[in-house]
Structure formats: C-alpha cells, structure tokens
J.: 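Got a structure for you, written out below as structure tokens; questions coming shortly.
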Amino acid sequence: MSASGNELALRVTVPFRPAKTGLKSGPPSPAVMDDRTYAADAESGTDATVAGWVNEIRDLGGIAFLILRDASGKIQVKFEKDEMDENLVETGLGVHRESVVRVTGRVESEERAPTGVEVVPDSVEVVAEADPELPLDPSGKVDADLSTRLDNRTLDLRKGEVKAVFEVRAAVLRAVREQFRELGCTEINTPKIVATGTEGGTELFPVTYFGREAFMNQSPQLFKQLMVGSGLERVFEVGPIFRAEEHNTPRHLNEATSIDFESAFYDHTDAMDACETVVRAAYEGVAEHCQEELETLGYEDFSVPEADFPRLSYEEAIERVNATGELDEQLGWGDDLSTEAEHALGEAVGRHYFVTDWPSEVKPFYIKDHDDDPELSTGFDLMHPSLELVSGGQREHRYEHLIEGFEQQGLEPEAFEYYTKMFRYGMPPHAGWGLGAERLVMTMLDLGNIREAVIFPRDRQRLSP
RNA sequence: GCCCGGGUGGUGUAGUGGCCCAUCAUACGACCCUGUCACGGUCGUGACGCGGGUUCAAAUCCCGCCUCGGGCGCCA
C-alpha cells in the first residue's frame, strides 16, 4: 500500500463483514472497535459494546445466558426469549462456542449474575464464527494432553490458568529488567547467527550464511564478555539461545531464553550477589503484579525466597550428597553432580543454593581459576532444589591464560580471534552468569514440563507451530 | 544418544484373546426447561495410529514403522 490516501479510501468503502444472520441495528460498524468496553470495565447503568469469545451458552428455556470472555474477564449476556426480538435471540444463541461476537446493550446490575452485572443486548453481531468441533476445550471441562495443547496453543491460551503462566513470565522479565537497571546495567543484544560456538562446534544448529558456514548461537557468553571491556562495563541481555542437543526431557528446550549478566570489576562473589538479587526480584515482581494470576494458578502461599542463598563449595556439596545416603555409589572429587545427586542435595538444602569452587577441569576455558589454587575454578551454579537455574563465574581476563585455556580444551584460538584479540587491549577483571528464563518460571510455578513456560516451544520433535 | 511406558469418537478416558457391531465424561445435533454460573433432563451422531503376522477368534499377542510421554546422559 503506497499512499495513505488510498488506505483511507479503502477503509471507508469496504463494509465491515456482515454478521451471519444479519441482525444489526444501525449502519455497518467500523473495523476498528473504538467504542469497545472490556468485560471487566462494564458499569451498570451504561450502554456498552462488549466484544470477545463465546465461552459458553446456557439455555434454560425461556431464559438463556451467553458468557462472553475477553482479555479482562467474563461477562454474562442475558436473553429473555419472550421479550426480545426473535432474530436477536436466534443470532445470540445460535452461535458456536469460541466464536467472536460483539454485543451492544444495556449493562444492568444483577445480583444473580456471576460478576454482579449482565448485558441486556440490543444487537448481537457474529464477528468470526468458530467451527463447532474444537481441537481442545478452552472452558477446561475436559483436559487435553500437552501435545494437543501445543498444537492448538491459541485455543490453549484462552484458558485462564494457561494465560496466567505467560502473564507471570512477562512479569518475571519485567522485574528482571528493572532490577538490572537498578544494578546499573545496560541492556544489549548480541548476534544470534554466529561464526563459531562458545565452547566448540558439536551442539550447534548449522545455518548457511550467504554460502558460508554459520551457526545459531548457543550463548551470548563471548559477546557479552567483550562488552565489559567496552565503554558499557556492565550489561545484560534477555534473548534466545539455541542448542542442537537431542535431549528429551521435561526440562530442556532446543530454543530457550537466556537472561545474561556480565560486569567489569566484579569477581564471582559479586556476580553471585547480583544473581541472587535478580532472582529474588523476579519473585518480588510476580508477587507484586500477579496476585490474580497466582490465585488462578492455585497459589495461596507464593513467597519470595529468603535472602542469603547458601553457598556450598563443590567439596561441601559432594560431602552433603554422600551424607544423605541416597546414592548407591559415593561421589568422589571430580565427579559431576548427577540428576539424582542434585535432587538429593536439593532436598537436603531445601531452598535455592549456590554450588561454588568447582574443579577447573569441569568448567569451560573462559572461567577463571582461583589464584591460590589452579585446580579450583571460580565457576558457580545456582540451584533450585529441583533444577539448575544459573551457571556463572569470574572470567579469565588475562590474554596469555586465556589462550592457554583454549589449547588445554583442544580448541583452536584462531577461530576465536575476534574474541581473544580484544583481551590484548585492556580487558578488566569481570564476572557474570546466565539464567534460564524458562527454568526460572518453571520452578517458580512448579510446572511439570518446561514446555509449559514457552508459548511455542522448540524441542527434538516439534518445529511448528 | 541409551532405557522404559503409551497411542481407543473432536477432546480426555474404560477395556490385557471371545462377555466389545467397544465404557464413561465432555463436545456436537435434535427436543424439553425463565436465573444458569462444571445448569439440568430425554434421544441421537461419532473412535481401536499405520502396515504385516499369529489365532477358529485381535483394541487386546508378535514384528516393523510412525508418533507421544517419562527416566538417564548433557546442560540453562
């Protein structure tokens, strides 16, 4: 569409799609519904136009109710058959569930109505008819498998308790952003199409970039580190990460959202402080802004985790796991914490906790070792009792040590020259971490499957919708 | 990637060799009902993932494929 004049002409000459049964008082309505009132805002004693989805029709014989649902809630429309226009009744009660309708009428106070008010319609217009056979039931009377729900996510999100998850997710991201701003961070966006991986090339999705080999980024790690040496010093990013691992679990995604933080002149303990602050801020934001959603989700006692998350060294963590006696075999120094070990430890600690001072050999090259013990790294993880949420640490900022680290892990420093080069021009000591947004939401709301925290999840099998 | 368990009307399920031309709920269609709020009532339509095999007989047992979920590994 080129000239705005043409668009305007089109708008006035193309009539609004007429309702199926044609009943409508007055001229065709404009496509833009300026005069619309949300269900929750309908005040008794006023004339209003409400528009939304037909949640349900309850026909009791002489009287019938159409429950209309929009983003704000539900409102009841009353049809008294003997006292109303026959066509009006036929249109209003002949519509299928989940059709989009627009109802204009008088809003009246009525004690017997679910919300205390109901609409007595003057006109009903079917804006978009829904097929009578729905692939799932948005009114929630019958359950649907997660797979069915994800195939029909639009309808799934008409359910209050599903919608609530994503309102909570949005509140988490909002709170996190605000907290980062409090911490003096600048929000950045790093490339998602990259030439090399973060730690190697095995678990990346390859893409073709104008005939060259490229990959979807696995983490903003190296790019955010470069920014601590820039004029920005302290940065954060909320963005997608892509992992080509063929894992098949309720806690992994092939496309996830990473909340990343990195700051110049921070050591790993400063980074853990920031991490705890941000995670708690997310809970606070949800507690503050999502009372209704939490109620919908059945949380009566949602609480912000207490401050001062315990910090267990790797060595202490192993000792505590072994002390639980839950594992068949005792863990030894250098062993990774298995899922079983994480669960045993989570149960023993009973709250969020950090695991610090990991053996250097299990952490990637960019994590700095302790100055007084090269066998120990400054890497840390933040654990929810049931799941790992965060991985972080102080970074190796010394050029020679960094190059050495590459070689020790069998990586070719040349492929990462864009990164290593900048360490020759004044890279301050720095630290940071990455937090899985979906895992945060999942653990916060105790969701059984991480896919429930993503609108359109990407997993081993699922590529659409 | 390895291991385990599933796939039955639109949706969610019962049914482990004959009792099944398949149960129940919900949805859908028809009818009844003037205050429902998971409205109620009567009647009706509608399904065994695909292919092969075993058997007198298969939703049920076996094989292959497709597909879904869970456990593990790895990680956020």
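This structure is a prediction, so every number in the text was calculated from the model and none was measured. By convention in this document, chain letters (A, B, ...) are assigned in the order of the sequence lines, proteins followed by strands, and residues within each chain are numbered from 1.
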J.: Would you say B:rG12 has OP1 or OP2 under 4.0 Å from some side-chain N or O of A:T148?
T.: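 The answer is yes; a side-chain N or O of A:T148 sits under 4.0 Å from OP1 or OP2.
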J.: Are A:F365 and A:F406 an aromatic pair by the rule of ring centers under 6.0 Å?
T.: yes
J.: Please name the residue in the list A:D381, A:D369, A:D357 that meets the salt bridge (Lys or Arg N to Asp or Glu O under 4.0 Å) test with A:K363.
T.: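 That would be A:D381.
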J.: Starting at the 5' end of nucleotides 3-9 of chain B, put B wherever the base has a protein heavy atom under 4.0 Å, S where only the sugar-phosphate does, and a dash everywhere else.
T.: -------
J.: Using a strict heavy-atom distance below 4.0 Å, which residues from residues 155-181 of chain A are in contact with RNA chain B?
T.: none
J.: Reckon A:L253 touches a base, only the sugar-phosphate, or nothing at all at heavy-atom distances under 4.0 Å?
T.: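 It contacts base atoms.
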J.: Report the residues that fulfil salt bridge (charged side-chain N to carboxylate O under 4.0 Å, His left out) with A:E237, sequence neighbours left out, ordered by chain and then residue number.
T.: A:K192
J.: Considering only NZ, NE, NH1 and NH2 on the basic side and carboxylate oxygens on the acidic side, decide whether A:K159 and A:D137 come within less than 4.0 Å.
T.: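 Judged by the 4.0 Å cut-off on N to carboxylate O distance, A:K159 and A:D137 do not form a salt bridge.
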J.: Does the distance from a Lys or Arg side-chain N to an Asp or Glu carboxylate O, for A:R451 and A:D459, drop under 4.0 Å?
T.: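 Salt bridge: yes.
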J.: Which listed nucleotide (B:rG35, B:rU26, B:rG71) is nearest to the side chain of A:A113?
T.: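 From the listed options, B:rG35 comes nearest.
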J.: Are any protein N/O atoms closer than 3.5 Å to N/O atoms in nucleotides 46-48 of chain B? If there are, list each pair with its distance.
T.:
none

J.: Under a 4.0 Å threshold between the charged nitrogen and the carboxylate oxygen, would A:R112 count as salt-bridged to A:E110?
T.: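 Yes, charged N to carboxylate O under 4.0 Å.
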J.: Distance-only criterion, 3.5 Å: show the donor-acceptor pairs between side-chain atoms of residues 164-173 of chain A and protein atoms not counting sequence neighbours.
T.:
unit_1, atom_1, unit_2, atom_2, d
A:R169, NH1, A:E438, OE2, 3.0
A:R169, NH1, A:A453, O, 2.8
A:R169, NH2, A:T257, OG1, 3.0
A:R169, NH2, A:E438, OE2, 3.4

J.: So if I take every side-chain heavy atom of A:R97 and compare against B:rA38, B:rC28, B:rA76, which nucleotide ends up nearest?
T.: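 Nearest to the side chain of A:R97 among the choices is B:rC28.
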J.: By a strict heavy-atom criterion of less than 4.0 Å, which residues belonging to residues 305-316 of chain A are in contact with RNA chain B?
T.: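 Heavy-atom cutoff 4.0 Å gives no residues at all.
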J.: Determine whether any donor atom in the side chain of A:E118 lies under 3.5 Å from an acceptor atom in the base of B:rG35, or the reverse, and answer yes or no.
T.: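 Counting by modelled atom types and ignoring angles, a donor-acceptor contact under 3.5 Å is found here.
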J.: Can A:R311 be said to sit on top of A:F309's aromatic six-ring, NZ or CZ under 6.0 Å from centre and within 45° of the ring axis?
T.: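 Checked: cation-pi criterion not met.
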J.: Do the side-chain N or O atoms of A:N449 get closer than 4.0 angstrom to the phosphate oxygens (OP1, OP2) of B:rG70?
T.: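 For A:N449, the contact criterion (side-chain N or O under 4.0 Å from OP1 or OP2 of B:rG70) is met.
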J.: Run the salt bridge (charged side-chain N to carboxylate O under 4.0 Å, His left out) test against A:E80 and tell me which residues pass, sequence neighbours left out.
T.: A:K78
J.: To the nearest angstrom, how far is A:H343 atom NE2 from B:rC72 atom C1'?
T.: 11 Å
J.: Look at the side chain of A:D143 and decide which nucleotide, out of B:rG35, B:rG12, B:rC75, has an atom nearest to it.
T.: B:rG12
J.: Supply the atom-to-atom distance A:S263 OG to A:Q394 CD, rounded to the nearest 0.5 angstrom.
T.: 11.0 Å
J.: Is the shortest side-chain N/O distance from A:H252 to OP1 or OP2 of B:rG70 below 4.0 Å?
T.: no
J.: Who passes ring pair (Phe, Tyr, Trp, His ring centres under 6.0 Å) against A:W358, sequence neighbours left out?
T.: A:Y314
J.: Picking from B:rG70, B:rC33, B:rG12, which would you name as closest to the side chain of A:A144?
T.: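 When the side chain of A:A144 is considered, B:rG12 is the closest of B:rG70, B:rC33, B:rG12.
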J.: Tell me what A:S338 touches on the nucleic acid: a base, only sugar-phosphate, or nothing, going by heavy atoms under 4.0 Å.
T.: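 Sugar-phosphate: the residue A:S338, judged by heavy atoms under 4.0 Å, touches backbone atoms but no base.
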J.: Of the nucleotides B:rU26, B:rC74, B:rU36, which one has an atom closest to the side chain of A:E245?
T.: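 Looking only at side-chain atoms, A:E245 lies closest to B:rC74.
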J.: Could you go through residues 277-287 of chain A and list every donor-acceptor pair under 3.5 Å that involves a side-chain atom there, pairing it with any protein atom two or more places apart or in another chain?
T.:
unit_1, atom_1, unit_2, atom_2, d
A:T277, OG1, A:D273, O, 2.8
A:R280, NE, A:P305, O, 2.7

J.: Test of understanding: with salt bridge (charged side-chain N to carboxylate O under 4.0 Å, His left out), list the residues that count as partners of A:K163, not counting sequence neighbours.
T.: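 Partners of A:K163 by the salt bridge (charged side-chain N to carboxylate O under 4.0 Å, His left out) criterion come out as none, since no residue qualifies.
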J.: What nucleotide among B:rU34, B:rC72, B:rA27 has an atom nearest to a side-chain atom of A:T249?
T.: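 Selected nucleotide (nearest to the side chain): B:rC72.
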J.: At 4.0 Å (heavy atoms only), tell me whether A:P132 reaches a base, stays on the sugar-phosphate, or touches nothing.
T.: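 Since only primed, P, OP1 and OP2 atoms lie under 4.0 Å of A:P132, the category is sugar-phosphate.
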J.: Do the side-chain N or O atoms of A:T339 get closer than 4.0 angstrom to the phosphate oxygens (OP1, OP2) of B:rG73?
T.: yes
J.: Between A:E388 and A:R251 (salt bridge meaning N to carboxylate O under 4.0 Å), is one present in this structure?
T.: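 No.
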J.: By salt bridge (charged side-chain N to carboxylate O under 4.0 Å, His left out), which residues pair with A:R69, not counting sequence neighbours?
T.: A:E98
J.: Does any residue of residues 456-465 of chain A have a heavy atom under 4.0 Å from RNA chain B, and if so, which ones, in number order?
T.: A:R460, A:Q461
J.: Which nucleotide wins on minimum distance to the side chain of A:D145, given the candidates B:rG69, B:rG73, B:rG12?
T.: B:rG12
J.: Classify the side chain of A:R251 versus the base of B:rA76 as yes if they form a donor-acceptor pair under 3.5 Å and no if they do not.
T.: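 Between B:rA76 and A:R251, which were checked side chain against base, a qualifying N/O pair under 3.5 Å is absent.
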J.: State whether the distance check finds a donor on one side and an acceptor on the other, under 3.5 Å, for side chain A:K141 versus base B:rG12.
T.: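 Side chain to base: no pair below 3.5 Å.
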J.: Given B:rA76, B:rA27, B:rG69, identify the nucleotide with an atom nearest to the side chain of A:S391.
T.: B:rA76
